[in-house]
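Report on the following structure.
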Amino acid sequence: ILPSSLKGGRIHLTVPSAQVKSAVLIAALQQKEEVVVQTVGTTRDHTERMITYLGGNLKKEGRFLTISGDQSLMGKPITVPGDLSAAAFFIVAALLVPDSTILLRDVGLNPTRAGLFTVLSQTGAKVEYGPIRLLNGEPVGDIRVTYTKDLKPFSIDEHLVPLLIDEIPILSLLATQIDGVSIIQGASELRVKESDRLQAIYTELKALGADIEETADGLIIRGKCQLHPATVSSHGDHRISMMLQIAEILTGPLFIQDRTVDQISYPRFSSDLRQLLDKRG
């Protein structure tokens, strides 16, 4: 990528990707003309919130975002909330272990990432929320999750996928322990993540003994399965490594090829998980 002269205009995004949208919005701040971005579907809006928090003028009308670089942003204090995608692994762990309760403090509760809670509501999981406040434009609060017996199966469709795209691996593991059939569809974007996550989830959970079927854009998972130890792979994907480490709670120790790839997004994940398990005694 070489130094370029950027110009305004209209851009129609063809994929529901917050990363692509954010790249366009940030680039738009580097020129003087107006840029109109037409989005597709619902995607995470962290970048829009941050630009507004720093004094930027960004207008949203339906699926159209209008922004111009002819403005000055202001430096302000920024506190990064706890990441909900990382918290999801501990939330599911608490739902897998009888008599467990976990309290996660100061977690980002942005509505564009709230699909996890929609799924947990379908299952009947006991989830409570502490007071919610705004922190540099982002809603933040505490989450308390308590082990819930006899969870119900869930269904995820293309409308829900953008709101929980990174939580699908760990929700797939949860589905193996729910009596009934859970269905995930409209998730073809997972095939172009750090790995082909649909294939990785299918391959590794199948190796552990799950009754799982891979489809073109999702998964069909039939619980309740007795998982067992096996040699598995993270596929070089941090989310798959983290899913498999939570699976060890059910299977006992696993040999996970490239286990430490979890450090890409959460350097202390393994040690934090061990600390929680040690507290169980």
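More than 12 heavy atoms of other residues, nucleotides or ligands shown are found within 6.0 angstrom of CZ on Arg191. Residue Gln226 qualifies as open at atom CD: its count of foreign heavy atoms under 6.0 Å is 12 or below.
Remark: Lys206 does not engage Glu214 in a salt bridge, criterion side-chain N to carboxylate O under 4.0 Å. Salt bridge absent: Glu167 and Arg239 never bring a charged side-chain N and a carboxylate O closer than 4.0 Å. Lys59 and Glu48 are not joined by a salt bridge, as no carboxylate oxygen comes within less than 4.0 angstrom of a charged side-chain nitrogen. Comment: Asp142 does not engage Arg133 in a salt bridge, judged by the lack of any side-chain N to carboxylate O separation of less than 4.0 angstrom.
For the pair Thr231 (side chain) and Phe255 (backbone), a donor-acceptor distance under 3.5 Å is absent. Distance alone, capped at 3.5 Å, is enough to place a donor-acceptor pair between the Ser234 side chain and the Asp258 backbone. A donor-acceptor distance shorter than 3.5 angstrom exists from the side chain of Thr203 to the backbone of Gln199, with no hydrogens or angles considered.
Counted by atom type alone, Ser241 and Gln245 present one or more donor-acceptor pairs between their side chains at under 3.5 Å. No hydrogens or angles considered: nothing links the side chains of Ser188 and Asp217 as a donor-acceptor pair under 3.5 Å. Between the side chains of His235 and Gln257, no donor N or O sits under 3.5 Å from an acceptor N or O. Thr123 and Lys152 form no side-chain donor-acceptor contact under 3.5 Å, judged by distance and modelled atom types alone.
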Decide side-chain hydrogen bond (donor to acceptor under 3.5 Å, both in side chains) for Asp83 and Tyr266; before the verdict, give the C-alpha distance in whole Å, the side-chain angles of both, and the deciding distance to 0.1 Å. CA-CA 10 Å; Asp83 180 56; Tyr266 192 162; over 6 Å; no

Would Gln185 and Asp157 count as a side-chain hydrogen bond (donor to acceptor under 3.5 Å, both in side chains) if you check the C-alpha gap in whole Å, the side-chain angles of each, and the deciding distance to 0.1 Å? CA-CA 5 Å; Gln185 56 188 349; Asp157 62 19; 5.8 Å; no

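The hydrophobic cluster containing Tyr53 also includes Ile11, Leu13, Val20, Val24, Leu25, Leu29, Val35, Val37, Met50, Ile51, Leu54, Leu58, Leu65, Ile67, Leu73, Ile78, under a criterion of side-chain heavy atoms closer than 4.5 Å among ILVMFWY residues, counted directly or through chains of members.
Partner of Asp166 under the side-chain hydrogen bond (donor to acceptor under 3.5 Å, both in side chains) criterion, out of Arg197, His238, Arg113: Arg197 alone.
Annotation: salt bridge (Lys or Arg N to Asp or Glu O under 4.0 Å) contacts of Glu34 (sequence neighbours excluded): none.
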